[in-house]
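Report on one structure; see the data block that follows.
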There are 2 protein chains.
Amino acid sequence: MAEQTGTLRRTPLSKDRVLRAAVALADESGIESLSMRNLAVELGVVPMALYKHVANKDELLGGMIDVVVGEIDPPVPDPDWKRVIRARILSARDVLLRHPWAPLAIESRNDATPAILDYLNTMVGILRDGGFSTDLAHHVMHAMGSRMLGFSQELFDASRRAGRSGAAEPEPPAAFPPEAAARFPHLAAIATAASHDDASVVGDGCDDQFEFEFALDLLLNGIDDLRQQGWRSAH
Amino acid sequence: MAEQTGTLRRTPLSKDRVLRAAVALADESGIESLSMRNLAVELGVVPMALYKHVANKDELLGGMIDVVVGEIDPPVPDPDWKRVIRARILSARDVLLRHPWAPLAIESRNDATPAILDYLNTMVGILRDGGFSTDLAHHVMHAMGSRMLGFSQELFDASRRAGRSGAAEPEPPAAFPPEAAARFPHLAAIATAASHDDASVVGDGCDDQFEFEFALDLLLNGIDDLRQQGWRSAH
DNA sequence: ACCTGAACACCGTTCAAGT
DNA sequence: ACCTGAACACCGTTCAAGT
């Protein structure tokens with residue numbers, strides 16, 4: 001215990017520790033500040049040491065995604081496919097809300113990760129058990145898209161922010177700048193309607209949970225109708 | 001015409017020319033090779049010259065997005081809201097297929113661009129004219145999400161490739177590596193079903209156009225039902 | 001054998017020096 | 001006043017030199 005001082009390392013580095021530190025760093029500082037070099041600093045390690053545990057940054061991101069996907073609840077036992085799918089998607093959504101960088105990381109990736117493949121495979125299995133033909137299950141997976149993993153591609157919500165930034169600024173309440181409201185009256189109308197329709201929502205913006213479930217149920221109900229009608233693709 | 005040789009410039013640089021060159025570069029080489037420096041080379045210009053026409057790379061990307069969105073057909077005159085929305089979304093999809101980098105560029109952006117706001121504003125207007133309440137129109141916009149702009153968030157399609165890469169490699173036809181097929185049997189099943197169900201599709205993979213329209217009509221029909229029922233949010 | 005500093009080939013952007 | 005080379009503060013990753 002003499003010469004070891006100065007650089008005493010609490011835990012030896014491991015792939016798991018690297019991935020967890022990376023996820024934590026992305027969670028609190030945003031994905032844009034996740035660099036190999038920053039991550040090394042965070043771990044009290046020289047940058048090159050990371051390359052002993054991940055081949056490159058792409059593998060790092062893949063591993064991070066799988067850490068996140070691993071947090072999603074397994075399917076609950078229930079004979080009703082719709083309840084199983086719905087509950088798991090909402091669990092996935094919960095998880096992704098804790099890791100706001102994950103949806104974009106998943107989308108920017110060209111290959112699916114093992115955990116995602118496993119997740120999707122299970123979801124298809126639930127559909128098959130629920131009476132879906134292979135054909136219909138296939139189209140359903142495409143139709144659900146990223147919503148299967150608990151996120152939707154919102155085009156104009158303010159909920160997606162870079163980093164947490166310490167809750168410093170109180171989120172500019174300008175729901176719609178008056179200049180823009182004049183140019184885009186229809187958007188202004190639905191934005192305004194949303195802000196005072198829902199008393200439960202504090203500032204501007206919408207009840208994201210409601211919007212998500214609205215779209216989810218719209219899809220699930222439509223899909224259930226197709227299944228009941230014994231839908232088959234005309235080919 | 002004596003001293004001007006050597007550095008004769010065909011057209012003077014302009015914001016428009018910068019944006020068009022950037023879109024062309026991203027189209028053919030992929031968004032990852034669109035750097036200020038590469039773009040400058042492409043235009044035969046020193047990198048700093050670009051900063052006279054765009055404030056920074058973010059503004060460049062915003063401008064590129066608006067060039068692309070500007071290529072979408074305006075709404076066709078038609079009393080049936082569903083036909084109008086459907087046709088315009090399919091036009092948007094056509095445009096985005098020509099600019100495969102655009103969906104991710106749009107999603108990674110935190111603020112909507114003017115052209116996107118204008119596009120969405122028009123779409124809300126069509127819904128309102130079609131008899132939708134402000135409330136329902138609002139939820140519909142959220143439910144459609146990025147599909148309103150003609151793209152879906154597919155989780156596991158191979159259609160998204162980095163660059164064109166000159167049609168050199170004939171796209172590895174391994175629909176599903178046998179090792180993966182054993183671990184993910186349900187995914188393998190739907191992948192296999194897709195490849196020989198559709199004779200129109202050459203290699204592996206699905207008929208993306210069919211999948212897109214399937215999901216689109218599922219949503220539009222569900223939405224139409226809600227409108228006809230006079231759906232109102234319970235609040 | 002393992003680890004790591006320096007180096008390489010890039011970024012976006014600032015800034016001061018040139019015309 | 002305008003333009004631009006060099007510089008700054010970063011990247012991810014290679015590689016050879018150190019232990």
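So that the names make sense, note that chain A is the first sequence line, chain B the second, and so on, each numbered from 1. Worth saying up front: this structure is predicted, and the values here are computed from it rather than measured.
Between C:dC11 and B:Asn38, a contact under 4.0 Å exists linking OP1 or OP2 to a side-chain N or O.
Residues satisfying the ring-ring contact (aromatic ring centres under 6.0 Å, His included) test with B:Phe214, not counting sequence neighbours, are A:His139, A:Trp231. Residues satisfying the side-chain hydrogen bond (donor to acceptor under 3.5 Å, both in side chains) criterion with B:Lys15, sequence neighbours excluded, are B:Glu59. For B:Asp58, the salt bridge (Lys or Arg N to Asp or Glu O under 4.0 Å) test picks out B:Arg109, with sequence neighbours left out. Listed by chain and residue number, B:Gln209 satisfy the side-chain hydrogen bond (donor to acceptor under 3.5 Å, both in side chains) test with B:Arg93 (two or more places apart in sequence, or in another chain). Residues satisfying the side-chain hydrogen bond (donor to acceptor under 3.5 Å, both in side chains) criterion with A:Arg20, sequence neighbours excluded, are A:Asp16. By the side chain to side chain contact (heavy atoms under 4.5 Å, CB included) test, A:Asn38 pairs with A:Leu25, A:Ser33, A:Ser35, sequence neighbours left out. For B:Thr134, the side chain to side chain contact (heavy atoms under 4.5 Å, CB included) partners at least two apart in sequence or on another chain are A:Ala189, A:Ile190, A:Ala193, B:Arg128. Shown here are the side-chain hydrogen bond (donor to acceptor under 3.5 Å, both in side chains) partners of A:Glu42, two or more places apart in sequence or in another chain: there are none.
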Close N or O pairs between protein and nucleotides 15-19 of chain D (under 3.5 Å):
none

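Between D:dG12 and C:dT14, the distance separating the two C1' atoms is 23 Å to the nearest Å.
Across the interface with DNA chain D, nearest-nucleotide mapping of A:Ser33 and B:Arg37 shows B:Arg37 to be the residue nearer the 5′ end.
The salt bridge (charged side-chain N to carboxylate O under 4.0 Å, His left out) analysis of residues 63-72 of chain A, with sequence neighbours excluded, yields the pairs A:Glu71-A:Arg98.
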(request) Convert the base pairs of DNA chain C into dot-bracket notation, remembering that pairs crossing earlier ones are written with [ ] and that bases paired across to another strand are shown as |; include only Watson-Crick or G-U pairs under 3.5 Å. (result) ||.|||||...|||||.||

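The stretch residues 49-60 of chain B touches DNA chain C through B:Tyr51, B:Asn56, B:Lys57, each having a heavy atom under 4.0 angstrom from the strand.
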